[in-house]
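Just below is one structure, and these are the notes that go with it.
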There are 2 protein chains.
Amino acid sequence: MDTGAATPRPGAPVRGSASGRPIMAALDLLGRRWTMRIVWELSQAPAGFRELQRRCERMSSSVLSTRLEELAQARLLTLRDDGYRLTPLGQELVDALRPLGDWSRRWADAADA
Amino acid sequence: MDTGAATPRPGAPVRGSASGRPIMAALDLLGRRWTMRIVWELSQAPAGFRELQRRCERMSSSVLSTRLEELAQARLLTLRDDGYRLTPLGQELVDALRPLGDWSRRWADAADA
DNA sequence: CCCCTTGCTTCGATTTTCGAACCACTATGC
DNA sequence: GCATAGTGGTTCGAAAATCGAAGCAAGGGG
């Protein structure tokens, strides 16, 4: 791989924080382009590489490849016969992200006003 | 500003999705480097420009400036006499992000194993 | 054999991020 | 008045991340 910075791990120093606090590793990992989107798409349904690429319009294959490897390293997903799937840990992340979906709707309402 | 792509707005097409779904705008906005981190830091306490920069080690001033403008445009924060502060909408985002903190600790535990 | 799909990799072009230097302004001290 | 230090930023060239079209190797029909 080596197409960028190391995959953030809880306990290790990451961009913007040498403390090793888990939340900082999470914010670094999830703050990379397409990462949350990929997790979100896989929560809707497992998908293969090319289908994932289709679902996220204009995501480049090279970045998708990098992200999938990062997320696999972080144990949030795995490649199975039927495509990429979230691990139980990845599913828990989706659950943790769910309030964000609710918030975004309130944000949209507020933006209209 | 003009140091990159437009600030995502719910209802408008964003990177990776022409649909205008609020969650896609949120994922685009929050998936930019430092964005969630800035929101997170401001949830701990309001801070001025330079203090924010100190709290997020190595964040460049130019990106901080861009992000603050994006977040202000999205109505998630404002500049007051005592520094940058989250708006009520920004506070709600922090609340929505709170489960992520809990998850990150479970993630850390799983990574140890 | 040909054609289509799959999961990727390669690599040059483009965009984003970095970071040190700098500007304008407001104290505070001497 | 003059220096010093703090503030909120901007500028701009360098470095890193991302893009995206092309290509590769493997597999499955027809």
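Chain naming here is simple, since letters A, B, ... match the order of the sequence lines and numbering starts at 1 in each.
Of the possible donor and acceptor atoms, none in the side chain of Trp107(A) sits under 3.5 Å from a partner among the backbone N and O of Arg75(B). In terms of modelled atom types and a separation under 3.5 Å, the side chain of Trp34(A) and the main chain of Cys56(A) share no donor-acceptor contact.
Listed here is the closest heavy atom pair of Ser17(B) and Arg37(A): CB-NH1, 3.8 Å. Between Ala47(A) and Leu52(A), the shortest heavy-atom contact is CB-CD1, 4.0 Å. Scanning both residues, Arg15(B) and Asp28(B), for their nearest heavy atoms gives NH2-OD1, 2.7 Å.
Per the geometry, CD1 belonging to Ile38(B) stands 11 Å off P belonging to dT17(C), to the nearest Å. One interatomic measurement links the two molecules: CD of Glu70(B) to C1' of dT17(C), which rounds to 12 Å at whole-angstrom precision. If you measure from atom CG of Leu29(B) to atom C1' of dT16(C), you get 15 Å, rounded to the nearest angstrom. Distance, Arg67(B) CZ to dC18(C) P: 8 Å, rounded to whole Å. To the nearest angstrom, C1' of dT18(D) lies 13 Å from CG of Leu64(A). Going from atom CE of Met59(A) over to atom P of dG7(C) covers 12 Å, rounded to whole Å. One atom, CG of Asp81(A), and another, P of dA26(D), lie 19 Å apart when rounded to the nearest Å. Between the CZ atom of Arg37(B) and the P atom of dC18(C) there is a distance of 12 Å, rounded to whole Å.
Contact annotation for Arg80(A): no contact, since no heavy-atom pair falls under 4.0 Å across all strands. Leu79(A) comes within contact range of the sugar-phosphate backbone alone, with a heavy-atom separation under 4.0 Å but no base atom that close. Using a 4.0 Å heavy-atom cutoff across all strands shown, Leu68(A) reaches no nucleic acid atom at all.
Taking 4.0 angstrom as the limit, Arg32(A) places none of its side-chain polar atoms (N or O) nearer than this to OP1 or OP2 of dT17(C). OP1 and OP2 of dC19(D) both lie 4.0 Å or more from every side-chain N or O belonging to Arg15(B). Under 4.0 angstrom from either OP1 or OP2 of dA17(D) there lies no side-chain N or O belonging to Trp34(A).
Of all nucleotides listed (dC19(D), dC18(C), dT9(C)), dC18(C) comes nearest to the side chain of Arg33(B). Comparing dG8(D), dG20(D), dC18(C) against the side chain of Ser60(A) picks out dG20(D) as the nearest. Taking the side chain of Val63(A) as heavy atoms from C-beta on, and the options dC18(C), dG7(C), dC19(D), the nearest nucleotide is dC19(D).
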Quick test: give all pairs of protein nitrogen or oxygen and nucleotides 21-24 of chain D nitrogen or oxygen below 3.5 Å, distance rounded to 0.1 Å.
unit_1  : atom_1 : unit_2   : atom_2 : d
dA21(D) : N6     : Ser61(A) : OG     : 3.2

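Separation of atoms CZ (Arg33(B)) and OG1 (Thr66(B)) is listed at 13.5 Å; rounding is to 0.5 Å.
Ion pairing between Arg67(B) and Glu70(B) holds under the 4.0 Å rule for side-chain N and carboxylate O.
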